[in-house]
Amino acid sequence: MSIRRTVKVGGGTAGAIVAVLALALTGCGGGGSDAKAPSKPSSPKSQEAGNQAPVPSAGQSAQPTEVIATLNGQAGMTLLINSVRRDAGGFVTVNGQIKNTGSEAFTHTADWRGIELKGSGESVAGATLVDKAGKKRYYVLRDTESRCLCTTGVSSVDPGQVVPFFAQFPAPPASTTEVEFSLPTFATATVKISG
């Protein structure tokens, strides 16, 4: 009952409220449409320069220019590695793309997750780095809730689809400049660590 009383507003009061809100919203715009028009053509470049995320924004190219390794997999699947970078925090991050060059959807992505802990879901946590000189294998890092620091949520890859890929590992010693990267169902590749 009290709701109807609060909702009912006289015509003059409602008109005044609408006018005040319209003026307030106009003032919050931060400038007219003329001020925004010139910045649109240059916005993809400015986003590209400032974006640090591994997944490209809408204005960026979906395909990085450098491919340092190509790993072929089952049913027309291809993994392109674009970078293997040593981070200041003691990590190595592998970035790339998974492409389905086949004619049918690839649905065997569960093989990519390796030995997952309960509740981890679909991921590429089965990826590994092998330091042959140091005779060590490095597995994908996990957060405090046992979720991998890697691409997750890929249940299938449609024909022609490209999925951004990343996986983060503990860094091998600074003297190690090359490692073997592998992901289940794909070939193995030797890649150089940059940074």
Side-chain angles (χ1 to χ4, degrees), residues 44 47-87 89-131 136-172 178-195:
Q47 285 177 353
E48 191 170 306
N51 188 359
Q52 298 295 327
V55 179
S57 68
Q60 294 176 331
S61 169
Q63 297 189 4
T65 54
E66 185 179 14
V67 175
I68 61 172
T70 301
L71 290 72
N72 293 320
Q74 300 173 342
M77 296 301 294
T78 304
L79 172 58
L80 304 176
I81 298 178
N82 301 116
S83 66
V84 180
R85 295 197 191 282
R86 189 182 297 272
D87 301 326
F91 310 111
V92 168
T93 304
V94 179
N95 285 298
Q97 304 167 58
I98 297 173
K99 292 183 175 185
N100 184 347
T101 61
S103 58
E104 295 182 17
F106 185 80
T107 57
H108 302 289
T109 61
D111 295 337
W112 299 344
R113 65 182 171 185
I115 302 169
E116 286 284 337
L117 297 175
K118 186 177 178 181
S120 293
E122 297 140 343
S123 71
V124 294
T128 60
L129 294 180
V130 174
D131 173 6
K136 285 192 176 180
R137 180 181 304 269
Y138 297 90
Y139 295 92
V140 174
L141 290 168
R142 296 185 179 275
D143 67 13
T144 56
E145 295 177 2
S146 295
R147 293 178 300 214
C148 75
L149 300 179
C150 65
T151 301
T152 60
V154 182
S155 58
S156 68
V157 184
D158 292 329
Q161 184 179 4
V162 177
V163 177
F165 168 90
F166 90 97
Q168 197 168 47
F169 302 87
E178 267 188 357
V179 288
E180 243 183 30
F181 174 85
S182 65
L183 178 67
T185 76
F186 288 93
T188 300
T190 301
V191 291
K192 290 191 182 244
I193 301 173
S194 64

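Note that the numbering runs from 1 along the sequence shown for the chain.
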- Could you walk me through whether Phe169 and Phe181 pass side-chain contact (heavy atoms from CB on, under 4.5 Å), step by step? CA-CA 11 Å; Phe169 302 87; Phe181 174 85; 4.2 Å; yes

Flag, side chain of [X] to backbone of [Y], donor-acceptor distance under 3.5 Å:
X	Y	value
Thr152	Ser123	no
Asp87	Gly90	no
Thr93	Gln168	no
Asn82	Glu66	yes

When you compare the side chain of [Y] with that of [X], does any pair of heavy atoms fall below 4.5 Å?
X	Y	result
Leu129	Val92	yes
Val124	Val154	no
Pro164	Gln97	no

Quick one: pull up [atom1] in [X] and [atom2] in [Y] and give me the separation to the nearest 0.5 Å.
X	Y	atom1	atom2	value
Thr151	Phe166	OG1	CZ	5.5 Å
Leu71	Leu183	CG	CG	8.0 Å
Arg137	Asp131	CZ	CG	11.5 Å

- Query: Going by the side-chain hydrogen bond (donor to acceptor under 3.5 Å, both in side chains) test, which pairs reach into residues 68-77, not counting sequence neighbours?
  - Reply: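 Not a single pair qualifies under side-chain hydrogen bond (donor to acceptor under 3.5 Å, both in side chains).
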
Contacts under 3.5 angstrom, residues 155-162 side chains, donor-acceptor by atom type, not counting sequence neighbours:
| residue | atom | partner | partner atom | Å |
| --- | --- | --- | --- | --- |
| Gln161 | OE1 | Asp158 | N | 2.8 |

Exercise: identify the closest heavy-atom pair between [X] and [Y]:
X	Y	value
Arg142	Ala125	NH2-CB, 4.0 Å
Arg86	Pro172	NH1-O, 2.7 Å
Val140	Cys150	CG1-CB, 3.9 Å

- Task: Tell me whether the centres of the aromatic rings in Trp112 and Phe165 are closer together than 6.0 Å.
- Result: no

- Message: Holding to side chain to side chain donor-acceptor pair (under 3.5 Å), I want the full list of residues that pass it with Thr78, two or more places apart in sequence or in another chain.
- Response: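 Per chain and number, Thr78 pairs via side chain to side chain donor-acceptor pair (under 3.5 Å) with no residue.
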
- Query: Taking only residues two or more places apart in sequence, or in another chain, which ones meet Thr109 in a side chain to side chain donor-acceptor pair (under 3.5 Å)?
  - Reply: none

Solution key, residues 187-195 side-chain donor-acceptor pairs under 3.5 Å, sequence neighbours excluded:
| residue | atom | partner | partner atom | Å |
| --- | --- | --- | --- | --- |
| Ser194 | OG | Val84 | O | 3.2 |
| Ser194 | OG | Arg85 | NH1 | 3.3 |

- Item | Partners meeting ring pair (Phe, Tyr, Trp, His ring centres under 6.0 Å) with Tyr138 (sequence neighbours left out) |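 So Tyr138 forms no ring pair (Phe, Tyr, Trp, His ring centres under 6.0 Å) with any residue.
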
